[in-house]
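Counting starts at 1 for both ligands and their atoms, in listed order.
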Amino acid sequence: MPEPQQHYAQHIAELQRRYDQALTACGYDRLIIAAGHPHPVFQDDQHLPYKANPWLLQWGPLTEHPGSVLLVSPGQTPRLLVHAPTDYWYRVPAVPDLLNSGGLDIELHANPESIAKAVGDTGRSTAFIGEILSKADGFGSKAVNPPELLQLLEEDRTVKTAWEIANIRAASSIAVRGHLAARECFMGGGSEYEIQLAFRAACGSTDAEMPYPAIVALNEHGATLHYQRLDRDRGQNLSLLIDAGHAVNGYAADITRTYSDDAEFGSIIEAMHELQRSLCEAAQSGVDYRELHHAAHHALTSLLCEIEVINAQPEAATEAGLSRTFFPHGLGHFLGLQVHDVGALYTRRDPNEEAPPEEDKYLRLTRKLAPGNVITCEPGIYFIDSLLAELRDKPGAAMVNWSRVEQLRPFGGIRIEDNLHITADGNENMTRAAFAELDR
Ligand code: GLY
Ligand code: MN
Ligand code: MN
């Protein structure tokens, strides 16, 4: 059986164990997980692309069946009620074969009324996890997205099963094919639009298999962290920052590379690779991710001094907080069914979870790493006009070599992002493993 399918039945058994425990702890005897529905477009008769509830996707890749429902009760086989209408407007896909191998009871239902009937009465002891777009969506449950239950399940979700790891590994491998094609297109003078097409063609991804819109930024556009426009015009290709992934069975890879054939900027990119690799190596079980984020700021400050963007001793530059102008985002986040997997939400929900430090409010992971976590490590340096303008009015401005900044500004920025699976004795860098295998 190919990876990751061989791990699926075991994954379902583990989910049953986790959900049984969480439901019992919270006093629920049943949970409804609703796939959700496509969002309507305002004043239109169209819908936005459908994205399934990640809590349902965790049980299997039911990415194309809005209106479906999973019923989970402690000690019982979960029941998957698949919404499979007769429809001549849209294709109604078959239930993926894989789901039949997971030991779920699967029923097909032709309409929402039939699903509501199968769900039956919901009292106080039935919890519901999903989005409520219209009143009927909650099946009358009085416990809609109960925070104490979500908190337990989110904690569980930070530890990935072998099935989940295998999916992210597979997604990484496909995404790296795309990155290699994008690099080639960039080197051949392609526009942002063409580079994005090269990425998509090499991955063979549909829109639904893109875990987030690809960021394809040439030259100074690399200074916009989530740059979204895809310019069609060709020009001089100084640098490319591409942050693009692919999803397999709903699980995402989130990979960034930066390229340039300018010798000097290329050497700065190489230095960033070295810096990023050593941060990746330090991402070990038991390490507090906030410490790693601070280590990234220290290392980036030293690099900014080495490349003469900062004309000061690293200690003085650190004291002045200069690196925050050039690295204004968090070092990384959990990765899984969502690109920013439960981490960001988790931080807000759990009173015991440390909030991000005041000066690093965009840090989305603020805890010690544990085996089974999948995280990103994505340090960057950018030349962002608005942040540089702010810095000019601060005392630290005197330490900045502004002519060097002007010289590097046309290159936009550098981000190197890998996906790491934290293990008991280190980590597996799924991104670099895929590049090592495919970049020959
Ligand atoms: N692709 C978005 C991120 O790196 O977090
Ligand atoms: Mn990321
Ligand atoms: Mn990314």
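Note on Glu378: counted as a metal contact of the Mn ion (ligand 2), an N/O/S atom lying under 2.8 Å. Within the 2.8 Å limit, His340 places no N, O or S atom next to the Mn ion (ligand 2).
For atom 3 (C) of ligand 1, the nearest non-hydrogen atom of the protein is Asp254 OD2, 3.4 Å.
Phe383 does not carry Arg409 over the face of its six-membered ring by the limits of under 6.0 Å from the centre and within 45° of the normal.
Classified by interplanar angle (parallel below 30°, tilted 30° to 60°, perpendicular above 60°), the ring pair Trp59/Tyr19 is perpendicular.
Looking only at atom types and distance, the side chain of Tyr382 has a donor-acceptor partner in the side chain of His329 under 3.5 Å away. Asp254 and His333 form a side-chain donor-acceptor contact under 3.5 Å, judged by distance and modelled atom types alone.
Here is the list of ligand 1 atoms found below 4.0 Å of a heavy atom in His226: 2 (C). Per-residue contacts place Glu417 under 4.0 angstrom from the following atoms of ligand 1 (heavy atoms of the residue considered): 4 (O).
Counting heavy atoms of neighbouring residues, nucleotides and ligands inside a 6.0 Å radius, atom CG of Asp44 exceeds 12 of them. More than 12 heavy atoms of other residues, nucleotides or ligands shown are found within 6.0 angstrom of CD on Gln228.
In this structure, His340 has a heavy atom closer than 4.0 Å to ligand 1.
Looking at Asp243 next to ligand 1, an N or O pair under 3.5 Å apart turns up. For the pair His333 and ligand 1, the shortest N or O to N or O distance falls below 3.5 Å.
When atom types are taken as modelled, the side chain of Asp439 and the backbone of Phe435 share no donor-acceptor pair closer than 3.5 angstrom.
Between Leu99 and Leu62, the closest side-chain pair of non-hydrogen atoms falls below 4.5 Å.
Closest N/O/S atom of Asp254 to the Mn ion (ligand 2): OD2. Among the heteroatoms counted here (N, O or S) of Glu417, OE2 is the one nearest to the Mn ion (ligand 2). Take the N/O/S atoms of His333: the one nearest the Mn ion (ligand 2) is NE2.
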